[in-house]
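Here the structure is a predicted model, which means the values were calculated and not measured.
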Amino acid sequence: MPDSAPTRPRSILLYGTGLLAEAITGAAAERNAEVSPEGTGDGAAPVWDALVTADDSWNLDRAAQARPTAARLGVPWLRVRAELNDVVIGPTERTGGPGCGRCAELRRRRIAPDEPERHAVLRAHRERLSTTPSDWLTPVAADVAAHLVLDEMASLVDGTEPRTRTALLRLDLETLALARHTFLPDPLCPVCGGSAAGGDAPRPLTLAASPAYAPGSYRSRDIGAELDRLEALYVDDSTGIVARPRSYVSAGGLVVTAARVGLGAGIEEAGSGRAATFPASRKVALMEALERYGSVPRAAGARGDTVVTAAYADIKGQALDPRELGLHDPQRYTEPDFPYSPFDERTEYSWVWGHSFARGEPVLVPLSYAFYNSSLTGREDPAFVYEISNGCALGGSLAEAVLYGLLEVAERDAFLLTWYARLPAPRIRVADTDSAVALRMAAAEAGTGYRMLLFDTTTELGLPCVWAMAVNPAGGGDDRPAVVCAAGSHPTAAGAAQNALSELVPILGDVTERYRTDPGRARTMAGQPELVTHMEDHALCYADPSAAERLAYLIDSPHTRELGSIGDSAGFHGDDLRDHARAAVDRCLGAGLDVIVVDQTTPEHELGGLSCVKVIVPGTLPMTFGHRNRRIEGLPRLRTVPRLLGFRDGDLPAAAVNAEPHPFP
């Protein structure tokens with residue numbers, strides 16, 4: 001291997017014995033480097049370039065010895081060890097610098113696909129693995145690893161960035177293939193992260209100017225053009241925040257991509273992308289996965305956020321009343337196996353700060369509502385409602401994230417209003433002049449054999465919302481689902497329709513596969529709503545013809561409307577997303593609704609120039625999955641909006657509320 005030797009010999013303080021230690025000593029001699037053995041670093045010593053630990057076994061205790069020694073000597077520390085069938089080199093740790101071995105392990109535990117098996121082996125055989133050399137380690141492999149270590153030493157002396165800075169090198173002991181796995185420092189790492197202490201005061205939320213990256217766009221950045229950079233930053237199957245995305249082409253010609261994100265404690269979620277091309281689909285999946293990463297308040301404290309523990313009765317003037325978010329049916333709280341407890345003003349909960357646009361100031365929001373995966377922090381607050389990612393959004397700027405979070409709230413609220421109140425929403429007529437939407441519908445119908453119907457579900461807020469429905473021409477008499485539904489929203493009518501169709505087509509393919517596998521389950525759920533317990537169950541239930549009949553009020557609606565006439569796009573024609581976000585917020589304020597934004601942005605998001613938020617609009621209908629989890633108590637808007645939209649002469653009676661599970665996928 002070529003040697004880029006510095007002007008003075010490299011000096012390594014080496015801890016360890018065995019094949020790897022011997023190989024490093026031999027490689028150092030070849031490269032005119034000096035190696036001092038373990039024990040020479042205790043007293044007055046020469047200037048070392050680094051401390052290197054070399055273990056032929058899976059030694060987990062080395063850090064307790066090496067890290068404080070490296071700190072005392074003021075040198076970097078490079079770890080080398082054999083783990084079953086790999087030699088893992090790195091990371092290079094610098095005292096006081098972010099990105100240590102502990103960070104790498106935290107990332108691996110969250111995302112590596114073999115991590116459960118890896119840790120099961122480690123738990124069962126830790127003592128033996130830590131002391132027994134790997135049977136796969138050979139002199140040849142040790143020599144390759146040694147030269148890689150010397151390359152790292154050369155970088156340290158030359159002042160260049162070593163490859164193991166916030167990265168691991170993994171040498172496969174079967175093939176000698178080398179892979180580099182980068183990781184981001186964990187802001188709450190107990191070794192190198194920031195303090196866990198919270199700040200003393202809430203931070204103001206300010207929407208800065210956010211020009212669209214292109215005329216007519218509703219995005220601040222062309223994420224597609226940055227995809228390679230963002231994937232390099234976030235994606236790695238072994239140590240990334242997001243695992244490598246997996247893609248396939250669905251019926252109807254859309255590319256569907258899934259990207260896993262590890263949240264901790266063995267919990268994973270996935271970002272999903274649906275687009276016309278592979279890169280566009282990957283982009284959406286990555287952004288959604290990073291949005292899901294914001295669901296855990298892992299950076300609270302590291303970013304100066306404050307968690308307040310208090311009873312609502314003691315902070316009424318500063319807090320959102322959780323009852324305005326919609327509660328479960330009171331009867332549910334009495335069921336012994338129901339996992340949620342009634343909200344109690346005198347019970348202490350954890351709260352975080354959000355920004356209320358109606359008040360123009362910070363407001364406290366329940367932690368479990370602001371971060372729907374907050375339980376992963378170890379806090380044991382009593383949960384009073386089921387909550388998911390309603391209103392969570394990621395953007396290239398804060399204004400962009402707020403806009404899209406609010407649009408999602410509007411889309412789901414509109415869908416549920418239409419369902420619960422059985423509103424005969426107008427069928428949307430798509431003309432040839434609506435070329436993009438017409439082509440999308442034609443492609444979907446040709447690719448699936450289904451009729452594609454669009455309905456205008458826009459509420460009094462005027463934000464364009466569309467319900468898309470795929471209807472089986474055979475009425476569900478064959479082995480395909482009877483109906484499948486989806487929804488979309490956007491500042492423009494055409495954008496809302498395209499978003500709804502983009503959601504619908506791949507969902508149709510997924511539901512078709514599950515229905516063909518187990519049509520009996522769909523039939524059973526259609527007759528027993530309590531069996532609808534998971535997100536996927538809702539769509540599968542309506543694959544059955546008997547359940548699909550419940551949508552007749554919508555399919556047979558006597559009302560029609562031109563695509564161009566739905567919603568109100570006033571305020572969305574400029575090129576500054578701050579103006580668009582403010583226009584959407586003002587629609588809510590004008591309707592008597594507050595808009596609260598919780599900033600979920602983590603330091604990891606900030607590295608990519610991204611913002612992540614949870615948008616909360618108290619009084620709107622929250623999307624829930626599992627029929628028992630529906631939340632409509634304390635939401636008077638469900639009764640009044642049907643009248644405001646002209647579908648009823650008076651308010652909706654409680655007895656008229658649709659009692660069946662909704663069909664949202």
Check: Who are the side-chain contact (heavy atoms from CB on, under 4.5 Å) partners of Asn85, not counting sequence neighbours?
Finding: Trp136

Notebook entry, point to check: Excluding sequence neighbours, so at least two apart, what forms side-chain contact (heavy atoms from CB on, under 4.5 Å) with Arg165?
Noted result: Pro98, Glu161, Pro162

Next item on the list: Please determine, by modelled atom types, if Arg440 and Ser502 share a side-chain donor-acceptor pair under 3.5 angstrom.
Entry: yes

Under the side-chain hydrogen bond (donor to acceptor under 3.5 Å, both in side chains) test, which residues partner [X], sequence neighbours left out?
{"X": "Ser238", "value": "Arg170"}
{"X": "Asp510", "value": "Arg514"}
{"X": "Arg260", "value": "Glu268"}
{"X": "Arg246", "value": "Asp237"}

Check: [Y] main-chain N/O paired with [X] side-chain donor or acceptor under 3.5 Å:
{"X": "Arg587", "Y": "Asp568", "value": "yes"}
{"X": "Glu288", "Y": "Ser272", "value": "yes"}
{"X": "His490", "Y": "Pro464", "value": "no"}
{"X": "Asp186", "Y": "Cys103", "value": "no"}
{"X": "Asp479", "Y": "Arg516", "value": "no"}
{"X": "Glu269", "Y": "Arg292", "value": "no"}
{"X": "Ser569", "Y": "Phe572", "value": "no"}
{"X": "Asp413", "Y": "Leu621", "value": "yes"}
{"X": "Asn373", "Y": "Val296", "value": "no"}
{"X": "Thr512", "Y": "Arg480", "value": "no"}

Considering only heavy atoms from C-beta outward, does the side chain of [X] approach that of [Y] to under 4.5 Å?
{"X": "Phe455", "Y": "Ile428", "answer": "no"}
{"X": "Leu286", "Y": "Ile223", "answer": "no"}
{"X": "Thr602", "Y": "Cys612", "answer": "no"}

Note to self: For Glu604, is there an ion pair with Arg107 - N to carboxylate O distance below 4.0 angstrom?
What the structure shows: yes

Item checked: Test: Arg108 and Glu105 ion pair at under 4.0 Å -> yes

Check: When you look at Val261 and Ile241, which way does the side-chain contact (heavy atoms from CB on, under 4.5 Å) test go after all the steps?
Finding: CA-CA 6 Å; Val261 56; Ile241 288 178; 4.1 Å; yes

Next item on the list: Show your reasoning for whether side-chain hydrogen bond (donor to acceptor under 3.5 Å, both in side chains) applies to Ser368 and Ser374.
Entry: CA-CA 6 Å; Ser368 61; Ser374 62; 5.3 Å; no

So, for [X] and [Y], which heavy atoms are closest and what is the spacing to 0.1 Å?
{"X": "Thr166", "Y": "Pro91", "answer": "N-CB, 4.4 Å"}
{"X": "Thr257", "Y": "Ser281", "answer": "OG1-OG, 2.6 Å"}
{"X": "Cys485", "Y": "Met469", "answer": "SG-CG, 4.0 Å"}

Check: Cationic tip of Arg582 within the cone over Phe357's six-membered ring, i.e. under 6.0 Å and within 45° of the normal?
Finding: no

Notebook entry, point to check: Should the pair Lys614 and Tyr372 be classed as cation-pi, given the thresholds of under 6.0 Å to the six-membered ring centre and 45° from the axis?
Noted result: no

Next item on the list: Go through the steps to decide whether Arg102 and Cys192 satisfy the test side-chain contact (heavy atoms from CB on, under 4.5 Å), and finish with yes or no.
Entry: CA-CA 8 Å; Arg102 177 65 172 163; Cys192 68; over 6 Å; no

Margin query: Does Glu387 form a salt bridge (Lys or Arg N to Asp or Glu O under 4.0 Å) with Arg631? I'd like the steps, not just the answer.
Written below: CA-CA 10 Å; Glu387 176 62 7; Arg631 290 167 39 206; 2.8 Å; yes

Notebook entry, point to check: Can the ring centres of His181 and Phe183 be said to be less than 6.0 Å apart?
Noted result: no

Note to self: Before you tell me yes or no, could you show the steps for Leu398 and Leu205 under side-chain contact (heavy atoms from CB on, under 4.5 Å), namely the whole-Å CA-CA distance, both residues' side-chain angles and the distance that decides it to 0.1 Å?
What the structure shows: CA-CA 9 Å; Leu398 184 60; Leu205 183 143; 3.9 Å; yes

Next item on the list: Check the pair Leu407 / Tyr218 against side-chain contact (heavy atoms from CB on, under 4.5 Å), numbers first and verdict last.
Entry: CA-CA 12 Å; Leu407 286 170; Tyr218 291 90; over 6 Å; no

Checklist line | Parallel, tilted or perpendicular: ring planes of Phe415 versus His662, cut at 30 and 60 degrees | finding: perpendicular

